[in-house]
Amino acid sequence: MTEDRNVSAETLAARLHAGLEALGLERLESRGAAALLSYIELLVHWNRRYNLTAVRNPAEMVTRHLLDSLVVLPWSDGELMLDAGTGAGLPGVPLAIARPQSRFLLLDSVGKKIRFLNHVKRELALDNVEPVQGRLESFRPVRRPDRIISRAFSDLASFASAARHLADRETRLLAMKGKYPASELEALPGWLRVESVEELSVPGLQEDRHLVIMSVSG
């Protein structure tokens, strides 16, 4: 990715505005747009030292991080969501800004990423966010999450296996993927039910995006 630290605030705001409008999320303009742009500002600043994401250009961050996260908002409707392998807070932070009524656990095993997320929580006053250092397969929260989402796992079976102890019939596993994962779907274990595979369209991104929605079958 190219890096351009001189992208103007107006350019970033215009790109975000166009993306939110395309996603039908105009309601975020007054309440969440400023927080979303502040998050990008923090990410750009920390990324120079801690290498939190391969995306360096702030304008690309709006598309590849903010809009790419917010496109799954319609399926992120639980009271408690777990973002497994959250990294720099994706998709958890944008979703938490868009859904202040829900709680978000941001789980990652890398300490510098959790330190960044704690800073984001303080700076943006995100009271509905809880960064946690740990691995999904050994994570034991006080209550089961309603939704477990991830875009970090290499394949669906690994994600499902790592999350199995946290899922019951009411839990939904949401896996963010690029191209349609045909071979991964065929390799899923029998205890898992694929409810749907949603084709997503991220404004400004000419790449395939899909959301695989799964639940425990028995």
Side-chain angles (χ1 to χ4, degrees), residues 16 19-28 31-33 35-36 39 62-108 126 128-130 136 139 141 143-164 166-182 184-185 188-189 191-205 207-217:
L16 178 59
L20 292 177
E21 189 173 62
L23 291 174
L25 296 176
E26 295 92 339
R27 63 180 177 81
L28 288 180
R31 178 169 51 80
L36 290 166
Y39 167 62
V62 170
T63 300
R64 293 184 173 274
H65 290 339
L66 297 184
L67 301 179
D68 192 54
S69 296
L70 292 171
V71 74
V72 302
L73 189 63
W75 298 276
S76 308
D77 55 347
E79 292 182 9
L80 177 63
M81 288 199 62
L82 169 62
D83 180 5
T86 188
L90 301 160
V93 169
L95 293 177
I97 291 171
R99 287 196 181 278
Q101 72 277 17
S102 299
R103 292 180 53 235
F104 289 80
L105 301 174
L106 308 182
L107 180 70
D108 202 277
L126 294 179
N128 61 330
V129 160
E130 182 183 347
L136 179 58
F139 183 50
R143 58 160 286 190
R144 290 180 186 268
D146 303 297
R147 306 285 183 267
I148 305 173
I149 192 167
S150 182
R151 69 174 192 172
F153 278 79
S154 58
D155 64 88
L156 296 174
S158 296
F159 173 43
S161 177
R164 177 66 181 91
L166 295 175
D168 58 22
R169 292 186 179 183
E170 303 303 318
T171 310
R172 295 296 176 268
L173 306 180
L174 310 177
M176 299 174 68
K177 306 294 293 185
K179 294 182 180 299
Y180 184 86
E184 294 181 38
L185 290 167
L188 288 174
W191 56 264
L192 201 63
R193 177 173 63 246
V194 177
E195 299 198 346
S196 67
V197 180
E198 304 292 337
E199 186 175 0
L200 307 174
S201 179
V202 180
L205 189 63
E207 298 174 13
D208 291 341
R209 288 289 188 271
H210 292 84
L211 181 68
V212 182
I213 304 171
M214 303 172 288
S215 61
V216 175
S217 60

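Sequence positions, counted from 1, serve as the residue numbers for this chain. Heavy atoms only: backbone and side chains are in, while hydrogens, waters and symmetry mates are out.
- Side-chain contact between Ser215 and Arg172: present, with at least one pair of heavy atoms (C-beta onward) separated by less than 4.5 Å.
- Under the rule for a side-chain contact (heavy atoms from CB on, under 4.5 Å), the partners of Glu198 that lie at least two apart in sequence or sit in another chain are Trp75, Ser196, Leu200, Leu211, Ile213.
- Leu70 has its side chain within reach of Leu25: a pair of non-hydrogen atoms, C-beta onward, lies under 4.5 Å apart.
- Contacts of Glu21 classified as salt bridge (charged side-chain N to carboxylate O under 4.0 Å, His left out), with partners at least two apart in sequence or in another chain: none.
- Every side-chain hydrogen bond (donor to acceptor under 3.5 Å, both in side chains) that Glu184 has, sequence neighbours left out, goes to Lys177.
- Here CZ of Arg164 is found 13.0 Å from CG of Leu136. Values are rounded to the nearest 0.5 Å.
- Looking at heavy atoms from C-beta onward, Leu20 lies out of side-chain contact with Leu66 at the 4.5 angstrom threshold.
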Just distance, no hydrogens or angles: give the donor-acceptor pairs under 3.5 Å from side chains in residues 84-106, sequence neighbours left out.
{"from": "Thr86", "atom 1": "OG1", "to": "Asp83", "atom 2": "OD2", "distance (Å)": "2.7"}
{"from": "Thr86", "atom 1": "OG1", "to": "Leu90", "atom 2": "N", "distance (Å)": "3.4"}
{"from": "Arg99", "atom 1": "NE", "to": "Ser76", "atom 2": "O", "distance (Å)": "2.6"}
{"from": "Arg99", "atom 1": "NH2", "to": "Leu73", "atom 2": "O", "distance (Å)": "2.9"}
{"from": "Ser102", "atom 1": "OG", "to": "Gly78", "atom 2": "O", "distance (Å)": "2.9"}

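- Between the side chain of Thr171 and the backbone N or O of Asp168 there is at least one donor-acceptor pair closer than 3.5 Å.
- The side-chain contact (heavy atoms from CB on, under 4.5 Å) check on Pro203 picks up Ala22, Leu23, Leu67, with sequence neighbours excluded.
- Within the 4.5 Å cutoff, the side chain of Arg144 has no heavy atoms near those of the Leu80 side chain.
- For the side-chain contact (heavy atoms from CB on, under 4.5 Å) test, residues two or more places apart in sequence or in another chain that qualify with Ala160 are Leu173, Trp191, Leu192.
- Listed by chain and residue number, Arg151, Arg209 satisfy the salt bridge (charged side-chain N to carboxylate O under 4.0 Å, His left out) test with Asp68 (two or more places apart in sequence, or in another chain).
- Looking at heavy atoms from C-beta onward, Pro141 lies out of side-chain contact with Leu82 at the 4.5 angstrom threshold.
- A distance of 11.0 Å separates OG in Ser161 from CG in Leu188, rounded to the nearest 0.5 Å.
- Under the salt bridge (charged side-chain N to carboxylate O under 4.0 Å, His left out) criterion, the residue pairs touching residues 70-80 are Asp77-Arg147, Glu79-Arg143, with sequence neighbours excluded.
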For Leu166 and Ile148: C-alpha separation, side-chain torsions, deciding distance, then whether side-chain contact (heavy atoms from CB on, under 4.5 Å) applies.
CA-CA 9 Å; Leu166 295 175; Ile148 305 173; 3.8 Å; yes

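- Residues Val71 and Pro74 approach most closely at O-CD, 3.6 Å, considering heavy atoms.
- Contacts of Phe153 classified as ring pair (Phe, Tyr, Trp, His ring centres under 6.0 Å), with partners at least two apart in sequence or in another chain: Phe159.
- Considering only residues two or more places apart in sequence or on other chains, Ser201 meets the side-chain contact (heavy atoms from CB on, under 4.5 Å) condition with none of them.
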